[in-house]
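All figures in this text were calculated on a predicted structure; none of them were measured in a lab.
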Amino acid sequence: MSETSPKLRAELEGIPTYKPGRPAAADGPVAYKLSSNENPYPPLPGVLETVTAAAGSFNRYPDMACTGLMNELAERFAVPVSHIATGTGSVGVAQQLVQSTSGPGDEVIYAWRSFEAYPIITQISGATSVKVPLTPGDVHDLDAMADAITDRTRLIFVCNPNNPTGTAVRQAELERFLDRVPADVLVVLDEAYKEFVRDIEVPDGVVLYRDRPNVCVLRTFSKAYGLAGLRVGFAIAHEPVAAALRKTAVPFGVSQLAQDAAVASLRAEDALLGRVGSLVSERTRVVDALRGQGWTVPDTQANFVWLRLGERTVDFAAVCERAGVVVRPFPGEGVRVTVGETEANDIFLTVAEGFRKEI
């Protein structure tokens, strides 16, 4: 048998592997998973019933055009249906955006550290990543990002709030940045955690997109809406960009269960706001407690907190796991900890307090 293997694209060499948050151990001491920014609540009222009903027909293909969901989103955000595209979570739509804009010789700019899928989807497309370091306060350095634009730049990701630091850029600085970006460069405002924002100075990307044809907004049902396991996200963008996203979408990628659950979730907004409000209150309690222990914690507008631990990151994660919670370590940098159930947060805070005393 020949030892020659099929020829694969050179761009795939060395692509980093996406690292999902580790699950809580089924047979060990770990009881809580705070590593994936999941919503700790069960599906919103009526959503589980909707999905159960839809499950009776999953021998059929889903509506490839996501007609019901598209119409619901168009009404919810007061945008034309032609300005919407759906995908398998916002990360799936993000990959479609890179595919639609960038290839070999092109550049994609994003802050670092930011969402770890950005370098993966950029390299898959054959484009070059341009990573711009965060400020010392773990916020996007928009001036430096604007300075990094060249004639090869095709796409810029602005993760707002930023994953994993939770920090957010405000309206004036974001508008100043957008004014500096050439009209033929697409700016993607990745707003996966928008529902958790309470800083009134942090803008709504949908407002900014309306009179800026080179702005695209990413949203997801995975976080606040609690549909992480169903994989449905969407983009709002002007028609040429939205049309390109629909062209690059995997046919039938969003299941009918996901579509129906997303529609039902949009219609349960009162319950959603109540749950998000509870998580935001718990976020405030966790941040205040950490600062009271002496930690430096960035102002987070997401459903997680960030502790910059440097070389002690892995040690801290191990102590958390032994105590009963799994957190998300970024070795050599820090840990991201989801705001979860009160009991889980209390375990994390106890670990953090003891660890702080040893530093």
Looking at [Y] and [X], is there a salt bridge between them, counting it only when a charged N and a carboxylate O are closer than 4.0 Å?
{"X": "Glu353", "Y": "Arg356", "value": "no"}
{"X": "Arg180", "Y": "Asp147", "value": "yes"}
{"X": "Arg154", "Y": "Glu107", "value": "no"}
{"X": "Lys33", "Y": "Glu38", "value": "yes"}
{"X": "Arg283", "Y": "Asp288", "value": "no"}
{"X": "Asp299", "Y": "Arg291", "value": "yes"}
{"X": "Asp346", "Y": "Arg285", "value": "yes"}
{"X": "Asp204", "Y": "Arg219", "value": "yes"}

For this session: Look at the rings of Tyr110 and Trp112 and say which category their plane angle falls in: under 30° parallel, 30 to 60° tilted, over 60° perpendicular.
Result: perpendicular

Problem set entry | Mutual orientation of the aromatic rings belonging to Phe348 and Phe316 [parallel < 30°, tilted 30-60°, perpendicular > 60°] | perpendicular

Problem set entry | Chi angles and distances behind the side chain to side chain donor-acceptor pair (under 3.5 Å) call for Thr167, Asp138 | CA-CA 7 Å; Thr167 54; Asp138 289 315; over 6 Å; no

Minimum heavy-atom separation for [X] and [Y], please, with both atom names.
{"X": "Thr50", "Y": "Ala261", "result": "CG2-N, 4.5 Å"}
{"X": "Gly89", "Y": "Thr220", "result": "CA-OG1, 4.5 Å"}
{"X": "Ala183", "Y": "Asn214", "result": "O-CB, 3.4 Å"}

Pairwise side-chain contact, [X] with [Y], heavy-atom cut-off 4.5 Å (strictly under):
{"X": "Ser36", "Y": "Lys223", "value": "no"}
{"X": "Leu134", "Y": "Asp141", "value": "no"}
{"X": "Leu174", "Y": "Leu142", "value": "yes"}
{"X": "Leu218", "Y": "Leu189", "value": "no"}
{"X": "Leu307", "Y": "Phe355", "value": "no"}
{"X": "Phe177", "Y": "Ile156", "value": "yes"}
{"X": "Arg198", "Y": "Val276", "value": "yes"}
{"X": "Thr300", "Y": "Phe196", "value": "no"}

For this session: Take Val287 and Val305, measure what side-chain contact (heavy atoms from CB on, under 4.5 Å) needs, and give me the verdict at the end.
Result: CA-CA 7 Å; Val287 170; Val305 296; 3.7 Å; yes

For this session: Any chance you could lay out the side-chain contact (heavy atoms from CB on, under 4.5 Å) test for Arg212 and Leu178, step after step, and finish with the verdict?
Result: CA-CA 9 Å; Arg212 293 179 184 268; Leu178 293 174; 3.4 Å; yes

Please round to the nearest 0.5 Å and tell me the distance separating atom [atom1] of [X] and atom [atom2] of [Y].
{"X": "Arg275", "Y": "Tyr225", "atom1": "CZ", "atom2": "OH", "value": "12.5 Å"}
{"X": "Asn39", "Y": "Asn303", "atom1": "CG", "atom2": "CG", "value": "7.5 Å"}
{"X": "Phe157", "Y": "Leu186", "atom1": "CZ", "atom2": "CG", "value": "8.5 Å"}
{"X": "Glu195", "Y": "Leu279", "atom1": "CD", "atom2": "CG", "value": "11.5 Å"}
{"X": "Asp63", "Y": "Asp260", "atom1": "CG", "atom2": "CG", "value": "9.5 Å"}

For this session: Would you kindly check if the NZ (Lys) or CZ (Arg) of Arg328 is within the cone defined by 45 degrees around the ring axis of Phe330 and under 6.0 Å from the six-membered ring centre?
Result: yes

For this session: Give the intermediate values and the outcome of side-chain contact (heavy atoms from CB on, under 4.5 Å) for residues Val130 and Thr153.
Result: CA-CA 9 Å; Val130 177; Thr153 305; over 6 Å; no

Problem set entry | Qualifying residue for side chain to side chain donor-acceptor pair (under 3.5 Å) with Asp199, from Gln171, Arg170, Gln301 | Arg170

Problem set entry | Neighbour count above 12 (heavy atom, 6.0 Å) for Glu49 CD | yes

Exercise. Above 12 or not: heavy atoms from other molecules or residues under 6.0 Å from CZ of Phe58?
Worked result: no

Exercise. Under 3.5 Å, side chain of Asn160 to main-chain N/O of Val169, donor-acceptor pair present?
Worked result: yes

Exercise. Between Thr342 and Asn345, does a side chain to side chain donor-acceptor pair (under 3.5 Å) hold up when you go through it step by step?
Worked result: CA-CA 5 Å; Thr342 300; Asn345 300 331; 5.2 Å; no

Problem set entry | Aromatic ring proximity, centroids under 6.0 angstrom, Phe304 and Tyr193 | yes

Exercise. Is the gap between the ring centers of Phe77 and Phe234 under 6.0 Å?
Worked result: yes

Problem set entry | Side-chain donor-acceptor pair present, Ser222, Arg231, cut-off under 3.5 Å | yes

Exercise. Going through the checks in order, is the side chain to side chain donor-acceptor pair (under 3.5 Å) test met by Asn163 and Arg113?
Worked result: CA-CA 8 Å; Asn163 178 11; Arg113 174 169 289 276; over 6 Å; no

For this session: Quick one: do Val185 and Leu155 satisfy side-chain contact (heavy atoms from CB on, under 4.5 Å)? Show the steps, please.
Result: CA-CA 6 Å; Val185 173; Leu155 179 67; 6.0 Å; no

